[in-house]
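What you see is a predicted model, and the numbers here were worked out from it, not measured in a lab.
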Amino acid sequence: MAAAILGDVSRGDPESLTIGWLYPELMNIYGDRGNVLTLYQRARWRGLQAEVVDLDKGATRAMDRVDIFFFGGGQDREQALVYDDLIETKAVPLARALEEGAVILAICGGYQLLGHYYQTAEGQRFPGLGLLDVRTEAGPRRCIGDVVVDVDPELGLTPPTLVGFENHSGRTFLGSGARPLGRVRRGRGNNEEDGTEGAVANNIFGSYLHGSLLPKNPHLADLMIERAKRCRLPRLDDRLELAAHRWILEREAARRPLGDARAR
Amino acid sequence: MVTPRRRLAVLAGKATGALSRATRRGGGTTFPGDVARAIDPQVLRRLIGDLRGGAILITGTNGKTTTARLVAGLLQGMGARVVTNRAGSNLIYGATAAAVAGAGLDGRLRADWGVFEIDEATLPAAVEETRPVAVVVGNLFRDQLDRYGELELLARTIQGALERLPEGGRAVLNADDPRVGEIGLGLPRPPLWYGVEDRSVSLSELPHAADARTCPHCGARLEFSAVYVGHDGVYACPNRDFARPAPEVVATSVTLDGLDRICIEVGGVRVEAPLGGLYNVYNVLAAFSVGTVLGLNQHFMAESLKKAVAAFGRQERFERRGRRFTIMLAKNPTGFNEILRESERADGRHFLIGLNDRIADGRDVSWIWDVDFELLAGRAEVVVPSGVRAHDMALRLKYAEVTAATEPEPDLGLALDRLTEATPEGGDAYLLCTYTAMLDLRALLVQRGWLRPYWAT
Ligand SMILES: [Zn+2]
């Protein structure tokens, strides 16, 4: 079954979905492969021709026809290795693709690199791509644990929650050019201070949530495909996905509240 | 000399051990260590001083328990008395508990050797307190990062510990693991390297779960001329500033016989062990290398390894209701890929997968997305997702298009019943579990009378 096309399609073929995976080898910690696999399968199950293009160091092949980019996190060494390549070879084609309506999902380290800069504990600043109006600084401790987010109602997602697992020490603050993806009901989110999690600006999505994020949040996965292809997708049987989503909501609701002093 | 404090520490530890065994609290493995150390923080150091041979430490992400068991077996085969922390409690308290249990009422440790599996992050403390004659580092894979922070840091921790080995202490390292290679090449004194050289058991490419792909010096992508397990293989940097060290103890002519037996040749000696899987080739090789450091006879080692038994829970088999069951422990992507491949070699078709997310399993289950469950698609006839995170497991199987997957069944007992029913009589069923899921499942099997409790085996 093909997707019903609503609007004008400027990128690629309406019957296909091209996923560009930024640094699949180096920036693939905490099983973020699950996000790529979810986009791929959910497109395939709807009869779209799905393809994953690996965008390793030096590669820019097919960046002009990528519908959705995925940018995961890496360990320090790996992140340092991709940094120069990101700035030198990926920044321009990526910015152009996003301008033309492509979608990007960036998780954890990838999310930080989309922002203005990352500032180390020693005060050294590494400029990011500046595609998303966020800034990150090294935090005093790692935020680790399950997260439940009440998602920004503007995104129109049902169920109105996201679930995932965070593991980061960077603290990210949003500028006026980005909206939070949602507010944490459980967990620490962007910075432990303002109760926000993730950031969205147009088709750019950043988040700290692993889990992987998309398998248990199929509504978010579909939103990305719909935004990229400017279409409405036929529904899939998501009972298993939503049961896994609900299971986390219920377990977190049953737990004692966190004993931290974070302002809500 | 036995100080009164040490004697008190040993006695109090022993009393705690007896008490917790009596109340059946998890086999009573670390409480005695906690108690003894509270009374005498130096108790482990002092007890180790009584050993006639010395201490041997085994660390690494996968294979610690099996390797420790093999090394202990070699020493026991010579008639030596060996203290081990074999119940899998591998922090400093676990090692202390084992030493306390091996001590007499006079507070002296009555043994020749101490063989301890040691958690990677605990290695510095363990090296300091036990002043080992050999330390094995088997591999470093991504594992439970939420517990340890990043692998990078762990590698530096291990390297720091090895740099502080006492005079006469030798590092025994897996040359095939790029991260271990990096650690060992930076050491002031040369380690003993071991490795596999048999292209016939090489994979065609690095699995998804492989993470040490780049040169630690220049960042170039490492070139692998063979890949054996995870990122373990024969690697070199194209810029020639880093390459696999040439191993001294080498396994050639590797034969894998399903889950039942491995056979290798080491320095012209044929070594057989009743264990399955390529990862066990590494464990056998590590034990053989420790024996080499200690100067054991090669033919004696080969004889002794023939009688090896897989470590508790790693590969346990039993028969019930006309079906053969195999329990296999999987705690990270690399380990899981290995057991999936083993079950494939054995033509396994019926599975229960128990996924828990307690601290000992790793609270983040994201890692299941790095495991190649696609290997089960089209082959498995039934896969029952179970454990605390049965729902996540079911979802992973759905996206791997394993159509034989059933609905998630978090209750391990019900899942086991479902699997038993779906497995034809005379057939094989595989119980693949994360650490605490294995403990839960085992407790259930003991309760049903299908297995004996582990402190009785
Ligand atoms: Zn190099």
Side-chain angles (χ1 to χ4, degrees), chain A residues 24-26 28-42 44-45 56-58 72 74-85 107 142-146 163-167 169 209-216 218 237-248 251, chain B residues 142 144-156 179 182 206 208-222 231 332-333 357 359 362-374 385 388-401 405-408 410:
Chain A
E25 295 196 346
L26 292 167
N28 177 28
I29 203 170
Y30 307 119
D32 285 322
R33 174 190 180 207
N35 293 315
V36 173
L37 190 59
T38 301
L39 293 168
Y40 174 82
Q41 294 290 46
R42 296 183 72 79
R44 266 191 67 229
W45 291 337
D56 281 308
K57 278 209 294 185
Q75 302 188 43
D76 290 349
R77 178 194 283 183
E78 277 76 23
Q79 220 144 305
L81 283 175
V82 306
Y83 183 76
D84 290 340
D85 184 77
I107 304 288
R142 263 190 119 70
C143 302
I144 302 175
D146 289 300
V163 296
F165 192 98
E166 64 184 337
N167 186 346
S169 56
L209 302 192
H210 303 281
S212 308
L213 175 63
L214 295 183
K216 281 198 292 292
D237 175 0
D238 283 339
R239 275 175 299 180
L240 216 47
E241 286 82 348
L242 295 176
H245 184 106
R246 217 167 30 243
W247 188 88
I248 298 283
R251 182 168 82 165
Chain B
R142 246 183 236 179
Q144 305 169 7
L145 285 147
D146 52 321
R147 236 178 19 157
Y148 294 134
E150 313 215 345
L151 262 185
E152 208 64 22
L153 189 66
L154 203 56
R156 282 199 297 275
R179 285 189 193 271
E182 183 191 347
L206 278 176
H208 289 283
D211 52 351
R213 299 164 180 273
T214 55
C215 171
H217 302 303
C218 70
R221 190 189 164 124
L222 293 176
H231 57 223
N332 47 40
D357 67 351
I359 288 171
R363 289 163 56 211
D364 182 7
V365 297
S366 302
W367 62 272
I368 61 173
W369 294 90
D370 285 326
V371 178
D372 297 323
F373 287 106
E374 286 77 6
V388 175
R389 298 300 289 262
H391 288 88
D392 285 77
M393 196 58 236
L395 209 48
R396 176 68 189 96
L397 294 169
K398 175 177 175 180
Y399 281 80
E401 302 198 311
T406 71
E407 292 282 306

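- Both the backbone and the side chain of A:Thr38 come within contact range of chain B, each with at least one heavy atom under 4.5 Å from a heavy atom of that chain.
- For the pair A:Arg251 and B:Asp357, the tightest heavy-atom approach, listed with the atom from each and the gap, is NH2-OD2, 2.8 Å.
- Residues A:Trp247 and B:Val388 come closest through the heavy atom pair CZ2-O, 3.2 Å.
- Scored by the side-chain hydrogen bond (donor to acceptor under 3.5 Å, both in side chains) test, B:Arg396 finds B:Glu374 as partners (sequence neighbours excluded).
- Smallest separation of non-hydrogen atoms from A:Asp146 and B:Arg389: OD1-NH1, 4.3 Å.
- Within the 4.5 Å cutoff, the side chain of B:Leu395 has heavy atoms near those of the A:Glu241 side chain.
- In terms of heavy-atom proximity, B:His391 sits nearest to A:Ala243 at CD2-CB, 3.9 Å.
- With respect to B:Lys398 and A:Asp237, no salt bridge is recorded, no charged nitrogen being found less than 4.0 Å from a carboxylate O.
- In plain terms, the two heavy atoms of B:Trp369 and A:Gly34 that are nearest each other are CE3-CA, 3.5 Å.
- Of the atoms belonging to A:Leu240, heavy atoms from both backbone and side chain fall under 4.5 Å from chain B.
- Taken to the nearest 0.5 Å, the CD1 atom of B:Ile368 stands 11.0 Å off from the CZ atom of A:Arg33.
- A side-chain donor-acceptor contact under 3.5 Å links B:Ser366 to the backbone of A:Gly211.
- The side-chain hydrogen bond (donor to acceptor under 3.5 Å, both in side chains) test applied to A:Arg44 returns A:Gln41, B:Glu401, not counting sequence neighbours.
- Heavy-atom distances place both the backbone and the side chain of B:Pro216 under 4.5 Å from chain A.
- Only the side chain of A:Leu26 comes within contact range of chain B, judged by heavy atoms closer than 4.5 Å.
- A salt bridge does not link B:Arg213 with A:Asp56: every distance from a Lys NZ or Arg NE/NH1/NH2 to an Asp or Glu carboxylate oxygen is 4.0 Å or more.
- Considering CG of B:Asp392 and OG of A:Ser212, their distance stands at 9.5 Å, rounded to 0.5 Å.
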